[in-house]
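Below is one structure, written out as structure tokens; the observations come after it.
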Number of protein chains: 2
Amino acid sequence: MTVTIYDVAREAGVSMATVSRVVNNNPNVKPQTRKKVFEAIERLGYRPNAVARGLASKKTTTVGVVIPDISNAIFAEVARGIEDIANMYHYNIILCNADKKKDKEIRVINTLLEKQVDGLLFMGGAVTEEHLQAFKTANVPIVLCATTDEQGVIPSVDIDHESAAFDAVQALIKAGHTRIAMICGTLQDPANGYARFQGYKRALEVAGLPYDESLVRIGNYRYESGVDAMKYFLELGERPTAVFSATDEMAIGAIHCIQDAGLKVPENISVISVDNSRMASMVRPQLTAVAQPMYDIGAVSMRLLTKLMKKEAVENARVILPHEIVNRQSVGSL
Amino acid sequence: MTVTIYDVAREAGVSMATVSRVVNNNPNVKPQTRKKVFEAIERLGYRPNAVARGLASKKTTTVGVVIPDISNAIFAEVARGIEDIANMYHYNIILCNADKKKDKEIRVINTLLEKQVDGLLFMGGAVTEEHLQAFKTANVPIVLCATTDEQGVIPSVDIDHESAAFDAVQALIKAGHTRIAMICGTLQDPANGYARFQGYKRALEVAGLPYDESLVRIGNYRYESGVDAMKYFLELGERPTAVFSATDEMAIGAIHCIQDAGLKVPENISVISVDNSRMASMVRPQLTAVAQPMYDIGAVSMRLLTKLMKKEAVENARVILPHEIVNRQSVGSL
DNA sequence: CTGTTAGCGCTTTCAC
DNA sequence: GTGAAAGCGCTAACAG
């Protein structure tokens, strides 16, 4: 039924070992023999069994990727960066959505490890002790992607979320705004939530602006929660003249909420965010945002993982990618 | 170093077979023995090797997914549907981007098959003879997802693209429009391109409206190409009063182009599309669109694949999911 | 209910 | 430059 390496060997009149050599491009084969083998392979329609190879060689050339939600544009972009580089180095990826739920994350990490992936890319919520525990039992390299562990012990690739938020808010302050609201992610989320909130507070502090709790709303990263938060701000006695959103999607919700209320962006209220997803230029006014290089985060983390898997020396295993503000039309001066 | 089933057997004082039974939940094990084995597993930190299991059982509980581009919101949504159901049936997915390029598609199909996936979900461009050839050599089930083969021989899950386009254009016609433009995908693309174009033409025809070549532009599915196409239409001597876009993203480009020209949607020009991605409600005016149930297409195709993999009987191996028009604010009556 | 015994299809020393 | 043989870690009959 299925043709094996042994069949090819017999057909070509050589041993299994030789067939294995030509399939794996081992140079120690006489060109003539190589040719015979290739012909036999062709004739029989032989397809190497990667599972058997994996068992024998203890390498599967596949890496596991745990991601919060592939249907989220931001993560999908990271995933594309990962897969492109994986592909370049002849790895495949097993993709698992874990929705930033700790239990699900631990579970998929374990099944990925059972499947003998050669490495693991982890993109999730907080990295807890349990995560660290699970990582420890893996005897393959792991890199955190668009995530970092407070402990600072696992290789990772990310931007500096605190500083990105700081820059965004500072841009608002430079434009003359003093009453700046924030639409935040949950503070349980170390990157998009907590760190960006800290950046917001620090920018205020550095500028000598007071921190006003009523100017902060927690959203769930979705468009609607941006709308809701903005609705709240608009009803405030003294409403903000600018809002900083932790993500593009909530920012767009805020913009539409402002417009639906008969106000204009940026004339009446300025909006800025961190992300710079493709949607940022797909709104009117186009969204000014601090760009987070998602594709690159994916690509760089995969590249780092390949080095780790090959046991190459890496100079810096905790890389912070630069972010930059891209000025479009949603921020105006006061 | 690595603890194997044999180690567990020795530790628990039973045979490998027994350990295998408890790991695989085989009921034929005395509770007491089961307990002993679990304890040994716990003590040793045993983790079953899925590769070895795959070799022995000829099942990997992983399926291959070839997708055009995971960073495209539409496909990402399908992917989420696939993964959710896969997960539910304890399968993992290996994800490969192939950008609708034939060569890349054939290549990844083959590596997926080498990796001994238990089934294949194919989402791509046209299904050519070469594809069929590659599918034939696979001895695992394959289902086309958001794609169909003209030949009609491969199980598939999709919507009726022609009819979806027809419905969209008909909605415009019912609203009194007679000069209707179309922003189309490439005609080489059977679904988003060719079929939707056919639906457009048929709706015109059924309504007794003339087909005017100058009212059709080919886009590349991206926002910018929607802008460009619309720009062209606006410069026409007699410009259209409505435009049908093959995808949301191009439709949003068109809307913004119209607005940037100082015109209003839908007062001056109506816009409708097929897709209904999450972005449809994230524009002003909100986009009226024929909804394509992407998540469901993914979920249903994965469900179908599980049945095929289990060799269960399936009544209908070519499922067409229903589409429906969701009326929002971008279409007005004439 | 439990153990023995063959493989699954390949890689990898080690000889020659 | 090539072959023989021993596993890789597990499942799956088959016995008992």
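Within every chain, numbering begins at 1; the chains are lettered A, B, ... in the order of the sequence lines, protein sequences first and strands thereafter. Computation of the quantities below employed the complete heavy-atom set of this structure, encompassing side-chain atoms and omitting hydrogens, waters and symmetry-equivalent molecules.
- The main-chain N or O of Thr61(B) is found under 3.5 Å from a side-chain atom of Lys115(A) such that the two form a donor-acceptor pair.
- Under 3.5 Å, the side chains of Gln188(A) and Thr186(A) contain a donor-acceptor pair of N or O atoms.
- The heavy-atom pair separating Leu121(A) from Cys145(A) by the smallest distance is CG-CB, 4.5 Å.
- With sequence neighbours left out, the salt bridge (Lys or Arg N to Asp or Glu O under 4.0 Å) criterion links Arg47(B) to no other residue.
- Checking the phosphate oxygens (OP1, OP2) of dT2(D), a side-chain nitrogen or oxygen of Thr33(A) falls inside 4.0 Å.
- Remark: side-chain polar atoms of Asn97(B) are not paired, donor with acceptor, to backbone N or O of Asp99(B) under 3.5 angstrom.
- Asp296(A) and Arg303(A) are not joined by a salt bridge, as no carboxylate oxygen comes within less than 4.0 angstrom of a charged side-chain nitrogen.
- Contacts between residues 36-45 of chain A and DNA chain C, counted as heavy-atom distances below 4.0 Å, involve no residue at all.
- Listed pair Thr18(A) / dG3(D) meets the phosphate criterion, a side-chain N or O lying under 4.0 Å from OP1 or OP2.
- Here dC10(C) presents its C1' atom at 16 Å from CD of Gln116(A), a figure rounded to the nearest Å.
- Put simply, the side chain of Arg53(A) never gets that close to the backbone of Thr60(A): no donor and acceptor are under 3.5 Å apart.
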Per-nucleotide protein contact string for nucleotides 8-16 of chain D, where B marks a base within reach and S marks sugar-phosphate only (heavy atoms under 4.0 Å, - for neither) = BBBBB----
Going through the checks in order, is the side-chain hydrogen bond (donor to acceptor under 3.5 Å, both in side chains) test met by Asp84(B) and Tyr295(B)?
-> CA-CA 10 Å; Asp84(B) 280 357; Tyr295(B) 181 92; 2.5 Å; yes
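- Rounded to a whole Å, the CZ atom of Arg10(A) is 14 Å from the P atom of dG3(D).
- Protein atom CG of Asn26(A) is 13 Å distant from nucleotide atom P of dG3(D), rounded to whole Å.
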